[in-house]
There are 2 protein chains.
Amino acid sequence: MLTIGKLGEAAGVKVPTIRYYEQIGLLPEAERSSGNQRLYGRRAMEQLAFIRHARDLGFTLEAIRDLLSLSDRPDQSCAAADAIARAQLAEVESRLARLIALKAELERMVVQCAGGRIADCRVIEVLSDHSLCAHDHLSVPKSVDASLALPASTSSSN
Amino acid sequence: MLTIGKLGEAAGVKVPTIRYYEQIGLLPEAERSSGNQRLYGRRAMEQLAFIRHARDLGFTLEAIRDLLSLSDRPDQSCAAADAIARAQLAEVESRLARLIALKAELERMVVQCAGGRIADCRVIEVLSDHSLCAHDHLSVPKSVDASLALPASTSSSN
DNA sequence: CTTGAAGCTATAGTTGCTAGAGACATTAGG
DNA sequence: CCTAATGTCTCTAGCAACTATAGCTTCAAG
């Protein structure tokens with residue numbers, strides 16, 4: 001039986017994050033020691049590693065919740081898990097496409113900045129005048145839009 | 001003079017977002033009509049477009065605040081603006097590298113999912129067992145870590 | 001003149017944590 | 001056995017960058 005600190009160390013998740021996962025019901029309530037401290041066994045360890053790994057891949061906590069409940073029913077079809085993973089892949093691809101466009105534009109801005117005065121600065125200029133910029137709106141369909149952020153991937157280590 | 005709704009429409013920014021920008025001091029306080037409604041002129045329009053565009057490129061509000069104050073002093077060197085843009089480019093590049101790795105792994109997961117039972121599901125399996133996965137930790141140095149999210153880019157339209 | 005859209009303020013919610021305060025538990029050293 | 005240093009507990013508040021809600025006032029059209 002591990003204390004929360006050891007578990008966090010082992011799984012590469014910070015202690016408050018583990019408590020947070022329990023609080024939102026992503027992890028089951030832990031057993032407690034006589035002194036009211038959380039104790040974890042092998043099962044909790046595996047589940048936390050699963051969560052950590054899925055977060056690393058950019059899955060939302062909601063998606064992970066779904067995946068966990070799926071993995072509790074090993075006899076069902078894995079179509080649902082597949083769908084979740086495919087959706088995640090689609091999101092990543094869309095973020096990727098957008099980031100590539102951003103990179104191109106930032107590079108243009110930076111390269112063209114001759115190091116002169118602000119008044120001539122290409123960076124400020126491009127930001128000020130949309131028509132100077134390559135992509136004509138960068139507009140992303142509304143449905144995809146909320147998905148542009150990658151959930152920050154929990155800086156490894158406890 | 002435009003009302004807030006027209007301004008938002010013109011700049012592609014939602015009305016509450018404009019008020020939010022004013023609240024946090026990113027936009028100056030707007031003039032008011034006799035009936036206490038905000039009125040905007042050409043200057044505000046340009047500034048909002050600048051902000052919108054910079055947000056599209058993934059700059060944080062803090063970075064934008066800096067860029068705006070720079071653009072108010074056109075005689076200064078543009079080295080600072082250049083530095084901000086370069087930092088942003090570096091961030092985008094790091095997110096990009098990571099997303100590419102994620103995409104590869106998700107593709108592997110999805111392709112290998114044969115559509116059978118959960119018990120054999122490659123998706124669940126890979127998530128459960130870190131050793132099955134290609135990247136050996138995906139660990140990002142702490143300093144870069146907070147920067148993985150792209151700030152969601154304000155879904156165009158008002 | 002009335003109705004409906006658009007505006008106002010203020011507050012709370014979102015996601016996925018992270019940080020702090022103040023109190024109790026456990027463990028290592030002397 | 002005592003003490004000091006950690007570790008853990010709960011609870012609350014904070015971060016970015018908005019978004020949504022409630023309950024009100026103002027405005028433009030018919």
Side-chain angles (χ1 to χ4, degrees), chain A residues 1-27 29-40 48 51-52 54-65 91 142 145-158, chain B residues 1-27 29-40 48 51-52 54-65 91 142 145-158:
Chain A
M1 284 297 192
L2 303 171
T3 59
I4 197 170
K6 304 294 173 193
L7 177 71
E9 210 172 319
V13 176
K14 287 180 191 156
V15 167
T17 305
I18 299 173
R19 289 197 277 250
Y20 170 70
Y21 287 161
E22 178 181 314
Q23 192 196 308
I24 64 169
L26 200 60
L27 287 174
E29 292 195 12
E31 285 178 65
R32 298 300 181 113
S33 73
S34 56
N36 197 36
Q37 303 198 342
R38 289 174 181 81
L39 292 177
Y40 299 92
L48 185 55
I51 295 170
R52 161 82 213 259
R55 289 294 296 128
D56 276 350
L57 290 171
F59 289 89
T60 64
L61 294 183
E62 263 327 291
I64 293 170
R65 205 188 288 275
E91 273 190 28
K142 268 176 186 174
D145 184 46
S147 69
L148 280 164
L150 175 63
S153 107
T154 77
S155 75
S156 31
S157 63
N158 61 322
Chain B
M1 286 299 193
L2 303 171
T3 59
I4 197 169
K6 304 293 173 193
L7 176 71
E9 209 170 321
V13 176
K14 286 178 193 159
V15 167
T17 304
I18 299 173
R19 289 196 278 248
Y20 169 71
Y21 286 162
E22 178 180 314
Q23 190 196 308
I24 64 169
L26 200 63
L27 287 174
E29 293 194 12
E31 284 179 65
R32 297 298 181 114
S33 72
S34 56
N36 196 36
Q37 303 198 343
R38 289 173 181 83
L39 292 176
Y40 298 92
L48 185 55
I51 295 170
R52 161 82 214 258
R55 290 293 297 127
D56 276 349
L57 290 171
F59 289 90
T60 64
L61 294 183
E62 263 328 290
I64 294 170
R65 206 188 287 275
E91 274 190 26
K142 270 179 184 169
D145 183 48
S147 69
L148 280 164
L150 174 63
S153 108
T154 77
S155 78
S156 27
S157 63
N158 67 321

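By convention in this document, chain letters (A, B, ...) are assigned in the order of the sequence lines, proteins followed by strands, and residues within each chain are numbered from 1.
Rounded to an integer number of Å, the gap from Leu48(B) CG to dA17(D) P is 16 Å. We find that CG of Leu2(A) is positioned 15 Å from P of dG7(D), with the value rounded to whole Å. Atom CD of Gln23(A) is separated from atom C1' of dC9(D) by 13 Å (rounded to the nearest Å). Rounded to whole Å, atom P of dC18(D) lies 15 Å from atom CZ of Phe59(B). Separating the CZ atom of Arg65(B) from the C1' atom of dA17(D) is a distance of 12 Å, rounded to the nearest angstrom. Atom CD1 of Ile24(B) and atom C1' of dT19(D) are 14 Å apart (whole Å). The CG-P distance, from Leu26(A) to dT15(C), rounds to 13 Å in whole Å. For the pair Ile64(A) CD1 and dC17(C) C1', the computed distance is 13 Å after rounding to whole Å.
Between Leu7(A) and Val13(A) there is no side-chain heavy-atom pair separated by less than 4.5 Å. Looking at heavy atoms from C-beta onward, Leu61(A) lies in side-chain contact with Tyr21(A) at the 4.5 angstrom threshold.
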Base versus backbone protein contacts along nucleotides 4-10 of chain C [heavy-atom cut-off under 4.0 Å; B, S, -]: ---SSB-
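Close to dA16(D), at under 4.0 Å from its OP1 or OP2, lies no side-chain N or O of Thr60(B). The phosphate of dA25(C) has neither OP1 nor OP2 within less than 4.0 Å of any side-chain N or O from Ser34(A). At dT18(C), one or more side-chain N or O atoms of Lys14(A) fall inside 4.0 Å of OP1 or OP2 (strictly under the cut-off). Listed pair Tyr21(A) / dC17(C) meets the phosphate criterion, a side-chain N or O lying under 4.0 Å from OP1 or OP2. Put simply, Ser33(B) has no side-chain N or O that comes within less than 4.0 Å of OP1 or OP2 on dT26(D).
Every side-chain contact (heavy atoms from CB on, under 4.5 Å) that Ile4(A) has, sequence neighbours left out, goes to Val15(A), Ile18(A), Arg19(A), Arg38(A), Tyr40(A). In this structure, the side-chain contact (heavy atoms from CB on, under 4.5 Å) partners of Glu62(A), at least two apart in sequence or on a different chain, are Thr60(A), Arg65(A).
Put simply, the side chain of Arg55(B) gets close to the backbone of Phe59(B): a donor and an acceptor are under 3.5 Å apart.
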Output, in order, the C-alpha distance, side-chain angles, deciding distance and verdict of side-chain contact (heavy atoms from CB on, under 4.5 Å) for Arg32(A) and Gln37(A). CA-CA 5 Å; Arg32(A) 298 300 181 113; Gln37(A) 303 198 342; over 6 Å; no
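Closest heavy-atom contact between Met1(B) and Glu31(B): CE-OE2, 3.0 Å.
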